[in-house]
Amino acid sequence: QVQLVESGGGLVQAGGSLRLSCVATGRTFSSYAMGWFRQAPGKEREFVAAISWRGGSTGYADSVKGRFTISRDNAKNTVYLQMNSLKPEDTAVYYCAARQAFYPSDDDRDFGSWGQGTQVTVSS
């Protein structure tokens with residue numbers, strides 16, 4: 001298992017940008033695929049983006065494709081989510097997750113380690 005700590009959330013106006021970071025400690029970070037999920041009030045947790053162990057493969061939810069970019073720096077044990085052109089409907093708690101596999105998944109059941117979440121609020 002790895003321990004995950006997210007940061008970078010906050011309040012931003014529609015059209016603005018934020019970059020979320022997730023730092024991992026514990027087991028070998030580079031052997032994990034990583035993902036970002038989010039949960040808005042009253043809604044189920046949903047997939048946002050995921051990245052393979054070396055960063056060569058990524059996947060995105062249709063709702064964020066073209067606006068969000070996931071990346072990782074294995075030397076820093078960190079995964080990022082760059083969020084541009086933010087919309088009020090992006091408001092949610094964003095969670096970083098680790099999957100003990102090389103390749104990403106969009107199913108939260110495939111991820112065994114989770115961070116505590118960081119709040120993103122987009123005002124209209």
Side-chain angles (χ1 to χ4, degrees):
Q1 298 283 357
V2 293
Q3 291 74 48
L4 305 172
V5 178
E6 303 99 333
S7 62
L11 173 64
V12 64
Q13 288 188 332
S17 298
L18 283 174
R19 188 175 81 155
L20 305 183
S21 299
C22 173
V23 178
T25 58
R27 301 288 295 275
T28 306
F29 174 72
S30 60
S31 65
Y32 286 75
M34 300 297 295
W36 286 96
F37 293 78
R38 67 187 182 186
Q39 187 167 20
K43 295 187 176 181
E44 293 187 352
R45 185 165 60 190
E46 65 174 2
F47 169 74
V48 176
I51 190 167
S52 60
W53 66 308
R54 288 184 175 178
S57 177
T58 58
Y60 297 92
D62 288 343
S63 59
V64 306
K65 205 170 291 184
R67 300 187 297 122
F68 291 11
T69 302
I70 188 171
S71 62
R72 67 189 296 163
D73 185 340
N74 287 347
K76 295 182 178 180
N77 284 7
T78 303
V79 62
Y80 304 97
L81 185 68
Q82 177 67 45
M83 305 185 295
N84 299 328
S85 302
L86 282 161
K87 305 175 181 180
E89 51 264 44
D90 295 318
T91 295
V93 177
Y94 283 71
Y95 297 92
C96 172
R99 179 187 187 211
Q100 199 166 3
F102 292 150
Y103 297 103
S105 168
D106 61 1
D107 189 338
D108 61 359
R109 294 170 295 180
D110 291 332
F111 291 80
S113 298
W114 293 82
Q116 82 290 349
T118 185
Q119 176 70 46
V120 171
T121 304
V122 184
S123 62
S124 57

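Every value quoted in this text rests on a predicted model; they were computed, and no experiment measured them.
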On a heavy-atom basis, which atom in Phe37 and which in Asp107 lie closest, and how many Å separate them? CZ-C, 4.2 Å

Any salt bridge linking Asp90 with Lys87? Criterion: basic side-chain nitrogen under 4.0 Å from a carboxylate oxygen. no

Is the shortest side-chain heavy-atom distance between Thr69 and Tyr60 below 4.5 Å? yes

Would you say NZ of Lys43 has more than 12 non-hydrogen atoms from neighbouring residues, nucleotides or ligands within 6.0 angstrom? no

According to a hydrophobic-cluster definition based on side-chain heavy atoms being under 4.5 Å apart (Ile, Leu, Val, Met, Phe, Trp, Tyr only), do Tyr32 and Tyr80 belong together? no

Does the side chain of Val2 come within less than 4.5 Å of Asn77's, by heavy atoms? no

Please determine whether residues Val93 and Phe111 belong to a single hydrophobic cluster, defined as Ile, Leu, Val, Met, Phe, Trp and Tyr linked transitively by side-chain heavy-atom distances below 4.5 Å. yes

Identify the two heavy atoms, one from Ile70 and one from Trp36, that lie closest to each other, and give their separation to 0.1 Å. CD1-CD1, 3.6 Å

Step by step, work out the side-chain contact (heavy atoms from CB on, under 4.5 Å) result for Gln119 and Thr91. CA-CA 8 Å; Gln119 176 70 46; Thr91 295; 4.0 Å; yes

Between Ala24 and Leu4 the two heavy atoms that sit nearest each other are CB-CD2, 3.6 Å

From Phe29 CZ over to Cys22 SG, what is the distance, rounded to the nearest 0.5 angstrom? 7.0 Å

Are Leu86 and Val48 in one and the same hydrophobic cluster, where Ile, Leu, Val, Met, Phe, Trp and Tyr link if side-chain heavy atoms are under 4.5 Å apart? yes

Within the 4.5 Å heavy-atom criterion, are Phe68 and Leu18 side-chain neighbours or not? no

Can you give me the closest heavy-atom contact between Asn84 and Ser17, atom names plus distance? OD1-OG, 2.9 Å

Below 3.5 Å, can you tabulate the donor-acceptor pairs from side chains in residues 6-15 to any protein atom, sequence neighbours excluded?
from: Glu6; atom 1: OE1; to: Gln116; atom 2: N; distance (Å): 3.0
from: Glu6; atom 1: OE1; to: Gln116; atom 2: NE2; distance (Å): 3.4
from: Glu6; atom 1: OE1; to: Gly117; atom 2: N; distance (Å): 2.9
from: Glu6; atom 1: OE2; to: Cys96; atom 2: N; distance (Å): 2.8
from: Glu6; atom 1: OE2; to: Gly117; atom 2: N; distance (Å): 3.3

Please answer: with hydrophobic residues joined when any side-chain heavy atoms are less than 4.5 Å apart, are Met83 and Ile51 in the same cluster? yes

Where Arg72 and Arg54 come nearest, the two heavy atoms and their spacing: CD-C, 4.4 Å

Does any part of the side chain of Leu81, heavy atoms only, come nearer than 4.5 Å to the side chain of Arg38, both counted from C-beta? no

Reported CH2-to-OG distance for the pair Trp53 and Ser31, which is rounded to 0.5 angstrom: 8.5 Å

Shortest non-hydrogen contact between Ser85 and Arg67, atoms and distance: O-NH1, 2.9 Å

How long is the straight-line distance from CE of Met34 back to CZ of Arg99, given to the nearest 0.5 Å? 12.5 Å

